[in-house]
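This report refers to the structure that appears directly beneath it.
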Amino acid sequence: MSEVSTTNLKQAERGAIVSIVAYIVVSLAKVVIGHLFLSAALVADGLNNVTDVISSVLVLVGLRISQKPVDANHPYGHWKFEQVASLATSFIMFFIGIEVLRSSVTNILEGSMPTPSWITAITAALAGVVMSCVYIYNNRLATRLHSLGLKAAAKDNLSDALTSFATAIAIFAASLGLGWLDAVMAIVVGLIILKTAFDIFKESTFALTDGFDQKELEDYRPLIMAHEEVKEIGEIKARRYGSNVYMDLTVLMDPNLTVLKSHAVTEEIETELRNAFSIPFIDIHVEPFLEEKTP
């Protein structure tokens, strides 16, 4: 495991821990204040955040397992456990979204329109501010570290911030005699949660099946072809292992170059790709470039 990769994972762990602490504080505040001031919506939102504690713990566990060294059964390391954690997070969010939709529709059909205290609305709004700050922190960290697990956690943070704000609006409306808006806003939030869950599911399964953005591969070509010894790129492909990129590259060079010179060029390419795109694992194969002779 490279030193850079280990450092990135430890920084990503910090983001997961921030999420866990924030969710514990927010969920406790919502459940307690919701019970004290008779807001079923705030209690439900607090219980929703309890499940977020579980999903954040899964992300943290995935990041921890990813740092395990290679062994006989995992010669490429345990990096993909981070993506497995992201996949598990999407399943939890699917469950939450469906449950929010179910309970909201049930409330509409039963005509259950409680009138909670405005204190519960303020609690929900403050929780939304807290989760928005956590989202901004984790999203920036995930983008910088290219961490899919932390990115999934950040999307979950955003969904919960929106849920909290929607709950606050619904409670304020309910206090003004518009109780029906509570269920309508909950349905909107449920759909947002399901959309976020689908995005996380799509991204994690894409990475787990060795999918890779072809546009990103095209960004590597100019740097490789900048070496005059490289006449053509025979093959270029990559895959992700957690936040790391593994690249397989075949370059065609002048067949008259010595093995030592060809090797030196590949070393230069590896160093440049690592510095420019943070690609820690690169396997370069050299083949002779044979020009077709015109008869």
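Atoms considered below: every heavy atom in the structure, side chains included; atoms not considered: hydrogens, waters and symmetry mates.
The CD atom of Glu268 lies 10.5 Å from the NE2 atom of His263; values are rounded to the nearest 0.5 Å. Interatomic distance, Phe172 CZ to Thr120 OG1, rounded to the nearest 0.5 Å: 8.0 Å. Atoms CG and CG, on Asn157 and Leu162 in that order, are 11.0 Å from each other to the nearest 0.5 Å. To the nearest 0.5 Å, atoms CD (Glu270) and CD (Glu272) are separated by 11.0 Å. Residue Ile33 holds its CD1 atom at 8.0 Å from CD1 of Ile119, rounded to the nearest 0.5 Å. Here Ser262 contributes atom OG and Glu287 contributes atom CD; the two are 12.0 Å apart, rounded to the nearest 0.5 Å.
Here the shortest heavy-atom pairing between Met225 and Lys231 reads CE-O, 3.7 Å. Taking every heavy atom of both residues into account, Leu217 and Ala238 meet most closely at CD2-CB, 3.9 Å. Contact record, Val26 with Ala127: CG1-CB, 3.7 Å, taken as the closest heavy-atom pair. The shortest non-hydrogen separation linking Gly128 to Ala161 is O-CB, 3.7 Å. Of all heavy-atom pairs spanning Ala29 and Thr123, the tightest one is O-CG2, 4.4 Å. Of all the heavy atoms in Val53 and Tyr23, the pair that sits closest is CG2-CB, 3.5 Å.
Applying the 6.0 Å contact sphere to CD of Glu228 captures no more than 12 heavy atoms from other residues, nucleotides or ligands. Within a 6.0 Å radius of CZ in Phe201, other residues, nucleotides and ligands contribute 12 heavy atoms or fewer.
Comment: Asp219 does not engage Lys215 in a salt bridge, judged by the lack of any side-chain N to carboxylate O separation of less than 4.0 angstrom.
Between Leu194 and Leu101, some side-chain heavy-atom pair lies under the 4.5 Å cut-off. Here the side chains of Val129 and Phe165 are in contact, with some heavy-atom distance below 4.5 Å. Put simply, the side chain of Ser164 reaches to within 4.5 Å of the side chain of Lys30, judged on heavy atoms. Between Leu126 and Ile122, some side-chain heavy-atom pair lies under the 4.5 Å cut-off.
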How far apart are the C-alpha atoms of Val286 and Leu257, what are their side-chain angles, what is the distance that settles it, and do they pass the side-chain contact (heavy atoms from CB on, under 4.5 Å) test?
CA-CA 11 Å; Val286 178; Leu257 289 177; over 6 Å; no
Does the side-chain contact (heavy atoms from CB on, under 4.5 Å) test come out yes or no for Ile236 and Ile224, once each step is laid out?
CA-CA 10 Å; Ile236 179 171; Ile224 299 169; 4.0 Å; yes
Show your working on side-chain contact (heavy atoms from CB on, under 4.5 Å) between Asp248 and Glu235 and close with a plain yes or no.
CA-CA 8 Å; Asp248 295 300; Glu235 185 178 42; over 6 Å; no
Report the C-alpha separation of Val230 and Met253 in whole Å, then their side-chain angles, then the decisive distance to 0.1 Å, and conclude whether the side-chain contact (heavy atoms from CB on, under 4.5 Å) test is met.
CA-CA 5 Å; Val230 178; Met253 296 187 188; 4.1 Å; yes
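Trp118 and Val32 end up in the same hydrophobic cluster when Ile, Leu, Val, Met, Phe, Trp and Tyr side chains are linked at under 4.5 Å. Linking Ile, Leu, Val, Met, Phe, Trp and Tyr residues whenever their side-chain heavy atoms come within less than 4.5 Å leaves Leu252 and Ile284 in two separate clusters. Put simply, Val130 and Leu28 are part of the same group of oily side chains (I, L, V, M, F, W, Y) that touch within less than 4.5 Å, one to the next. One hydrophobic cluster holds both Ile279 and Ile269 under the rule that ILVMFWY side chains link at heavy-atom gaps under 4.5 Å. Note: the hydrophobic cluster containing Val134 also contains Tyr137 (ILVMFWY, side chain heavy atoms under 4.5 Å, direct or indirect links).
Checking side-chain atoms of Asn139 against main-chain N and O of Tyr135 turns up no donor-acceptor pair under 3.5 Å.
A perpendicular orientation is assigned to the rings of Tyr220 and Phe277, their planes being inclined by more than 60° (bins at 30° and 60°).
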